[in-house]
Asker: 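Please read through the structure below; I'll follow up with questions.
Predicted, not measured: the structure shown is a model, and the values here were computed from it. Atoms considered below: every heavy atom in the structure, side chains included; atoms not considered: hydrogens, waters and symmetry mates. Convention: sequence-line order gives letters A, B, ...; per-chain numbering from 1.
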Amino acid sequence: MHNIKDIRKNLDSFAKLLLKRNVKVAIDKIVQLDKENRNLIQKKELLEKEKKDISKSKDEKLFKKSKDISIEIEKISSDLSLIKNELDDILSSLPNLPLADVPEGKDESSNVEIKKYGKIKNFDFKPKSHFELGNNLNMLDFELATKTTGSRFVFVKNHLALLERALSNFMIDTHINKNNYLEVSPPLIANENTMFGTGQLPKFENDQFEIVSDDKNDRKFLIPTAEVILTNMVKDKILDVKDLPLRFVASTPCFRKEAGSYGKDTKGMIRQHQFYKVELVSIVEPNSCSEELERMTDCATNILDQLKLPYRKVLLSSGDMGFSAEKTYDLEVWIPSENKYREISSCSSCGSFQARRMKARYKNLKKEINFVGTLNGSGLAVGRTLIAVLENYQLSDGTIEVPEALKPYMNNVEKIGKN
RNA sequence: GGAGAGAUGGCUGAGCGGUUGAAAGCACCGGUCUUGAAAACCGGCAAAGGGGCAACUCUUUCCUGGGUUCGAAUCCCAGUCUCUCCGCCA
């Protein structure tokens with residue numbers, strides 16, 4: 001959510017920066033609504049003052065007049081709320097502004113590769129895809145999931161289920177022990193206001209799984225990412241600067257409809273309606289967002305380093321960023337069967353964009369109140385990490401080596417194979 | 001699911017029709033005292049929005065939404081949430 005005061009001050013740069021994100025704003029409309037809004041506020045306040053004075057005077061002769069004023073105030077109020085709603089609707093559907101160092105571009109083709117890491121293994125056989133491997137091991141069952149649930153779900157069984165759990169635990173342990181995150185086990189369901197706070201609503205309602213409820217005024221959604229619920233932990237709060245930064249980590253299932261991606265990655269578990277993800281969220285002073293973004297991204301890359309998976313770090317272009325982000329790094333892991341890198345983590349700074357939507361503020365040492373900065377990143381997407389481990393650690397006989405870093409979590413299983 | 005109680009500022013908690021944005025305490029900030037600190041004493045301390053270059057000023061807000069009244073934190077109605085007891089249950 002953008003601050004109307006800031007927009008007022010920087011009309012041109014505001015429109016220009018949104019254009020960088022391929023969004024055309026009706027800037028004239030915003031200006032006009034803002035003007036009307038303030039105009040009506042002034043009118044209303046004047047009347048309220050008059051009314052207040054009358055009641056203070058306790059002068060019975062003026063009581064009739066006070067009643068008339070009430071009627072007038074009511075009229076103005078209803079106009080006011082119409083205008084205000086229209087303005088808010090526009091403002092709440094505009095994405096965050098990109099930072100200056102974000103490359104300009106329409107889509108992912110303008111993303112900038114920062115660096116490649118790790119060593120891509122040279123297989124002396126044709127590496128199999130994760131779904132072939134999983135299917136042969138009888139540990140990934142897509143057909144069964146289709147039968148019980150529908151497309152884009154999967155049963156993970158036996159040692160791969162263990163591996164999935166091991167990955168999750170390994171990641172969380174790393175983040176709480178080495179990176180100073182606080183572990184959280186949050187609700188997996190969020191209400192409408194919470195979804196608005198992080199920017200999933202109102203614009204991306206169709207991507208969400210909504211829970212059927214009798215009460216239309218109490219809408220509930222399965223979280224599409226723990227970012228939603230973790231970031232909203234500071235909703236409506238005024239924090240003390242001494243409490244910052246706050247860093248939360250959670251491993252949760254994520255639920256997404258992925259509308260619009262049908263036909264893409266239909267095979268395997270790259271793109272599922274449900275998947276596990278270890279999520280990192282930081283609440284910081286707004287001026288340390290950029291610094292925290294580097295730190296958070298390092299926390300995520302550290303997991304890939306420890307798992308010895310080859311990956312690259314990519315700076316997203318303005319056209320490829322998510323709605324709430326001002327700057328995003330993607331981490332892409334090497335997928336041998338596809339002979340390319342695929343997204344496994346996305347770390348974003350949102351500046352104060354989400355904080356304004358959530359009304360999450362803090363008090364600095366001078367006791368000034370300001371909105372906090374929020375960041376979120378995957379550390380990492382567990383489902384996709386499972387894929388990466390399967391494919392990168394496969395042997396010619398279709399068995400899977402367990403990465404060194406995961407061994408403490410694998411109940412002495414060192415190699416995953418049929419037995 | 002049944003029966004009660006409650007929701008007030010960062011927290012605890014008074015107020016139950018008229019200068020109450022709201023007592024008191026805690027926390028916090030400033031000052032006096034002190035070699036320094038503590039204690040004690042004195043003073044300050046809500047947020048959002050509007051107007052103003054500014055000093056400042058106005059409006060709104062005592063869970064939410066309606067209603068009564070010239071006037072509501074206070075009365076009425078509906079809803080939400082919390083707590084206690086009982087039942088049920090992983």
Asker: Between B/C81 and B/C42, how far is it from one P atom to the other, in whole Å?
Answerer: 46 Å

Asker: Is any NZ, NE, NH1 or NH2 atom of the basic residue among A/Glu332 and A/Lys313 found under 4.0 Å from an Asp or Glu carboxylate oxygen of the other?
Answerer: no

Asker: Quote, to the nearest angstrom, the P distance that separates B/U19 from B/C75.
Answerer: 16 Å

Asker: Can you tabulate the close N/O pairs, meaning under 3.5 Å, that link protein atoms to atoms of nucleotides 73-77 of chain B?
Answerer:
none

Asker: Please check if the number of heavy atoms outside A/Asp12 that lie under 6.0 Å from its CG is greater than 12.
Answerer: no

Asker: With the threshold set at 4.0 Å, does a side-chain nitrogen-carboxylate oxygen contact exist between A/Lys407 and A/Glu401?
Answerer: no

Asker: What is the separation between atom NZ on A/Lys237 and atom C1' on B/C11, rounded to the nearest whole Å?
Answerer: 13 Å

Asker: Tell me, yes or no, whether the heavy-atom count around A/Lys43 atom NZ, taken from other residues, nucleotides or ligands under 6.0 Å, exceeds 12.
Answerer: no

Asker: Can you tell me, in whole Å, how much space there is between the C1' of B/G10 and that of B/A5?
Answerer: 26 Å

Asker: By the ring-ring contact (aromatic ring centres under 6.0 Å, His included) test, which pairs, at least two apart or in different chains, include something from residues 142-168 of chain A?
Answerer: A/Phe153-A/His273

Asker: Using atom NZ of A/Lys44 as one end and atom P of B/U60 as the other, report the distance to the nearest whole Å.
Answerer: 8 Å

Asker: Applying side-chain contact (heavy atoms from CB on, under 4.5 Å), name anything that partners A/Glu343, two or more places apart in sequence or on another chain.
Answerer: A/Asp330, A/Ser346, A/Arg384

Asker: For nucleotides 63-70 of chain B, list the nitrogen or oxygen atoms of the protein found under 3.5 Å from its nitrogen or oxygen atoms, one pair per line.
Answerer:
from, atom 1, to, atom 2, distance (Å)
B/C70, OP2, A/Lys67, NZ, 3.2
B/C70, O2', A/Ser66, OG, 2.7

Asker: Quantified in whole Å, what is the C1' atom distance between nucleotide B/G17 and nucleotide B/U69?
Answerer: 9 Å

Asker: Below 4.0 angstrom, N of the basic side chain to O of the carboxylate: do A/Arg342 and A/Asp265 qualify?
Answerer: yes

Asker: Under a 3.5 Å cutoff on both atom distances, Watson-Crick or G-U, what's the dot-bracket for RNA chain B ([ ] crossing, | other strand)?
Answerer: ((((((((.[[[..)..(.....]]].(((((.......))))).((((((....)))))).[[[[[..)....]]]]])))))))....

Asker: Provide the distance between the two P atoms, one in B/A22 and one in B/U57, to the nearest whole Å.
Answerer: 14 Å

Asker: Scan for ring-ring contact (aromatic ring centres under 6.0 Å, His included) pairs involving residues 31-54 of chain A, sequence neighbours excluded, and state none if there are none.
Answerer: none

Asker: Using 4.0 Å as the upper bound for N to carboxylate O, is an ion pair formed by A/Glu291 and A/Arg295?
Answerer: no

Asker: Rounded off to whole Å, could you give me the CD-to-C1' distance for the A/Glu368 and B/C45 pair?
Answerer: 15 Å

Asker: Roughly how many Å is it from NZ in A/Lys359 to P in B/U61, rounded to a whole number?
Answerer: 16 Å

Asker: Write down the distance between CG (A/Leu40) and P (B/U60), rounded to a whole number of angstrom.
Answerer: 16 Å

Asker: Which residue pairs satisfy the side chain to side chain donor-acceptor pair (under 3.5 Å) criterion with at least one member in residues 25-38 of chain A, sequence neighbours excluded?
Answerer: A/Arg8-A/Asp34, A/Lys29-A/Glu86, A/Gln32-A/Glu36, A/Asp34-A/Arg38

Asker: With sequence neighbours left out, what residues match A/Ser337 under side-chain contact (heavy atoms from CB on, under 4.5 Å)?
Answerer: A/Ser129, A/Ile335, A/Glu391

Asker: Taking atom P in both B/G4 and B/C62, what distance in whole Å separates the two?
Answerer: 28 Å

Asker: Base, backbone or nothing for each nucleotide of nucleotides 46-52 of chain B, written B, S, -, heavy atoms under 4.0 angstrom, 5' to 3'?
Answerer: -SSBBS-

Asker: When rounded to the nearest Å, what value does the distance between P atoms of B/G51 and B/A38 take?
Answerer: 44 Å

Asker: Which residue pairs pass the ring-ring contact (aromatic ring centres under 6.0 Å, His included) test with at least one member in residues 44-93 of chain A, sequence neighbours excluded?
Answerer: none

Asker: Under the 3.5 angstrom rule, does the side chain of A/Asp240 hit a backbone N or O of A/Lys242 as a donor-acceptor pair?
Answerer: yes

Asker: Going by side chain to side chain donor-acceptor pair (under 3.5 Å), name the residues that satisfy it together with A/Ser70, two or more places apart in sequence or in a different chain.
Answerer: A/Lys51

Asker: Please work out if A/Lys65 contacts a base, only the sugar-phosphate, or nothing of the nucleic acid, heavy-atom cut-off 4.0 Å.
Answerer: nothing

Asker: Would you indicate, yes or no, if B/U60 has its OP1 or OP2 atom less than 4.0 angstrom from a side-chain nitrogen or oxygen of A/Lys52?
Answerer: yes

Asker: With sequence neighbours left out, write down each residue that passes side-chain contact (heavy atoms from CB on, under 4.5 Å) with A/Pro408, or none if nothing qualifies.
Answerer: none

Asker: Distance between the P atoms of B/U32 and B/A37, in whole angstroms?
Answerer: 11 Å

